[in-house]
Amino acid sequence: MKFVRFNLRNTRTAATVAALSVCFFCLLIASFWASKMEVFKYNKFTNSCSADFQVIDKDVAFAYSAYIDDRLARDTEPIGGPVIRIFTYFVRTIDVKNSWQCILWYKDRVDAVTTSVRGVTNLNEYVQPKYMTAMVLCNIPDDLSDQRPQAISLSPKSTQTPTNYICIEDLRLRRRQLLDGTQQDLASRKGYVNFTVCTTPIYSDFYKPHHIVNFIEVNRILGAQKFIFYIDINTNVLIKHCLESYTQLGIVEVNQFTPLVLESLHYHGQIISISECAYRTMYKTKYLINIDLDEVIVPKDANNWSQMIENIQINAKAGEHIAAYIFQNQFFPYQEEHDSAFADDTLVRKYAITTLLQTLKENYLYDYEIRSKVLACPDKILMWHVHSILKENLVNKKDAICKVNNKHAVLHHYRYWTTSTNMTRERRMHSFASEIIQNIHFGMGRCIPLF
């Protein structure tokens, strides 16, 4: 009996070991296929699109966002149907058109569709740095032009598996939704506004919450209804909290914007964000303004931007359709003495309300396209430069670019500025003083409750 029990025990032990081995082997197989399925699921629309820069090719190429755009096909060049524009930056020696491929992902298709790069639109306007900021244009196959790809990947042709997955915004769909009704309905449409303000990327600890509140509240008084912010993931937490308080009001949209390589990238990727904001807001706003946090477009013969544009258009040529307005820059240096009218005002000093304190200006208006800033209709623009929009950047070549006479408006630029030019005092912003103080006071309370 001992022998039998011994064999039985061994038999059970052997069976247990065998079972455990099988289980372990099954786990290995499951783990292997799970890793494969991660890629498969990733490719099959798990809504895993990154909301920031993604890698195209390690250390040399990166992508941010993508839009389907058919305006060129409808209005000007016969380029053969819609195109996908991907905002990117990459080492400029790369031959993108010949060495990259576009991989389109469709919801109802088992396999991805590979297409070619149609072209590259260089966004750089300064000296040629190591990295080029550009829109890469990808083809949509003719037989799929009426279908909407949900995502796109860019990759070198030598790469088997793409390292990015970028969700696509279809501007054709936006336009149809917007135009599905009468022009009179636009003002009442959810999400559609007259004026949106976009600003340069925010990063590090350079700005403080009072800068954000001053910027938002002053521009709201002049007509801004929506603000688009691009912020680095490492931005000060107080700034993030402040922006979140405005996001809850529905007037601020925050987009994560953390370039993976900063070498030779102008102002933390400003050149990318400026044009990207035009596509992000297209068919969501009538006008877009791209300015820095220390700038304000100030109407001189009107109380808001709507009246300002009406006044400008009165002087326009008959039948002229203005796509963009360029405003001359004028400095209001920080280092100059504060205006005595508000130098001792408790709230103005507490919140550092620059527009009321800094009223000494340099007696010099910069020429158009030198430090100037632009207000434009995003749907009429192909590409947006920092200080201008060029004629070749217009969708319709018959549209006009208006150089706004300084009797109508000027770009007030508040910053430290060394100048030998004579200074004069301008108190135009004092016309809005009571509203500015009140709105900033409430804004700071919302932004930092214990401020």
Side-chain angles (χ1 to χ4, degrees), residues 178-179 181-199 214-228 246 249-253 277-278 280-293 295-330 355 368 372-381 384 389 394 396 399-413 426-436 438-440 443:
L178 178 64
L179 299 180
T182 65
Q183 194 71 18
Q184 286 73 24
D185 294 335
L186 292 183
S188 62
R189 288 184 183 278
K190 184 178 180 180
Y192 187 84
V193 298
N194 278 328
F195 293 98
T196 296
V197 176
C198 184
T199 189
N214 270 266
F215 179 77
I216 291 175
E217 297 300 343
V218 168
N219 281 289
R220 286 181 73 187
I221 290 169
L222 296 174
Q225 297 160 284
K226 188 82 175 182
F227 296 84
I228 309 296
Y246 278 102
L249 294 179
I251 62 173
V252 161
E253 176 188 312
C277 196
R280 183 173 293 274
T281 59
M282 198 176 295
Y283 306 119
K284 292 183 177 181
T285 188
K286 185 174 183 180
Y287 298 108
L288 176 65
I289 297 172
N290 260 305
I291 52 177
D292 296 343
L293 287 181
E295 297 172 332
V296 187
I297 292 175
V298 179
K300 301 298 182 182
D301 60 350
N303 290 322
N304 54 59
W305 293 330
S306 292
Q307 293 174 2
M308 173 192 74
I309 288 176
E310 288 179 10
N311 293 342
I312 294 170
Q313 290 177 339
I314 289 173
N315 298 319
K317 297 177 182 177
E320 184 177 58
H321 297 284
I322 301 174
Y325 303 81
I326 302 179
F327 300 86
Q328 289 178 281
N329 175 87
Q330 192 162 41
T355 50
Y368 297 100
S372 53
K373 288 298 169 70
V374 180
L375 178 157
C377 305
D379 59 299
K380 298 180 184 297
I381 305 300
W384 198 305
I389 288 176
L394 300 181
N396 189 334
D399 283 347
I401 299 171
C402 175
K403 295 181 177 180
V404 177
N405 190 300
N406 60 71
K407 73 177 183 180
H408 293 304
V410 168
L411 178 73
H412 285 202
H413 196 163
E426 181 189 313
R427 293 189 167 109
R428 170 62 180 142
M429 292 304 294
H430 286 192
S431 304
F432 310 100
S434 60
E435 197 173 0
I436 288 175
Q438 175 179 289
N439 290 7
I440 289 177

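Atom set for the values below is all heavy atoms of this structure, side chains included, hydrogens, waters and symmetry mates excluded.
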Taking only residues two or more places apart in sequence, or in another chain, which ones meet Arg220 in a salt bridge (charged side-chain N to carboxylate O under 4.0 Å, His left out)? Glu217
If I take atom CZ from residue Phe215 and atom OG1 from residue Thr199, how far apart are they, to the nearest 0.5 angstrom? 4.5 Å
For His430, all residues meeting ring-ring contact (aromatic ring centres under 6.0 Å, His included), sequence neighbours excluded: Phe342
Sorted by chain and residue number, the side chain to side chain donor-acceptor pair (under 3.5 Å) partners of Tyr287 (sequence neighbours excluded) come out as none
Using side-chain contact (heavy atoms from CB on, under 4.5 Å) as the criterion, point out the one residue from Ile291, Ile297, Val298, Leu293 that pairs with Glu295. Ile291
Roughly how far, to the nearest 0.5 Å, is CG of Asn406 from CG of Leu411? 12.5 Å
Name all residues meeting the side-chain contact (heavy atoms from CB on, under 4.5 Å) criterion together with Ala224; count only those two or more places apart in sequence or in a different chain, and write none if there are none. Val197, Asn219, Phe227, Trp305
Contact between Ile326 and Ile389 at the side-chain level, heavy atoms closer than 4.5 Å - yes or no? no
Stepwise side chain to side chain contact (heavy atoms under 4.5 Å, CB included) check, Asn214 with Ile440: CA-CA 6 Å; Asn214 270 266; Ile440 289 177; 3.3 Å; yes
Kindly write out the residues that satisfy side chain to side chain donor-acceptor pair (under 3.5 Å) with Thr355, not counting sequence neighbours, or none if the list is empty. none
Which residues pass the side chain to side chain donor-acceptor pair (under 3.5 Å) test with Gln225, sequence neighbours left out? none
Quick one: SG on Cys277 to CD1 on Ile289, what's the gap to the nearest 0.5 Å? 11.0 Å
Going by side chain to side chain donor-acceptor pair (under 3.5 Å), name the residues that satisfy it together with Asn439, two or more places apart in sequence or in a different chain. none
Quick one: CG on Asn304 to CD1 on Ile309, what's the gap to the nearest 0.5 Å? 9.5 Å
Mind running side chain to side chain contact (heavy atoms under 4.5 Å, CB included) on Lys407 and Asn315 for me, showing each step along the way? CA-CA 12 Å; Lys407 73 177 183 180; Asn315 298 319; 4.2 Å; yes
Any pair counted as salt bridge (charged side-chain N to carboxylate O under 4.0 Å, His left out), so long as it reaches residues 283-293, sequence neighbours left out: Asp292-Lys373
Enter the distance from Tyr368:OH to Cys402:SG here, rounded to the nearest 0.5 Å. 7.5 Å
Looking at every heavy atom in both Met308 and Pro299, which two are closest together, and how far apart are they? CB-CB, 4.1 Å
Could you pull out the closest heavy-atom pair between Trp384 and Leu288, with the gap in Å? CH2-O, 3.2 Å
Report the residues that fulfil side-chain contact (heavy atoms from CB on, under 4.5 Å) with Glu426, sequence neighbours left out, ordered by chain and then residue number. Lys300, Gln330, Phe332, Lys361, His412, Arg428
Identify the heavy atoms of Phe195 and Gly223 that sit nearest to each other, and give their distance. CB-O, 3.6 Å
Output, in order, the C-alpha distance, side-chain angles, deciding distance and verdict of side chain to side chain contact (heavy atoms under 4.5 Å, CB included) for Phe432 and Leu222. CA-CA 9 Å; Phe432 310 100; Leu222 296 174; 4.0 Å; yes
Suppose we screen for side-chain contact (heavy atoms from CB on, under 4.5 Å). Which residues come up paired with Lys380, at least two apart in sequence or across chains? Ala323, Cys377, Asp399
Spacing of Thr196 atom OG1 and Ile228 atom CD1 [to the nearest 0.5 Å]: 6.0 Å
Tell me whether Lys226 contacts the main-chain N or O of Tyr192 through its side chain, where contact means a donor paired with an acceptor under 3.5 Å. no
Any side-chain heavy atom of Asn194 within less than 4.5 Å of one from Thr285? no
Please list, chain by chain and in numerical order, all residues satisfying side-chain contact (heavy atoms from CB on, under 4.5 Å) with Asn311, sequence neighbours excluded. Asp301, Ala302, Ile314, His408
Tyr283 side chain to Leu179 main-chain N or O, any donor-acceptor pair under 3.5 Å? no
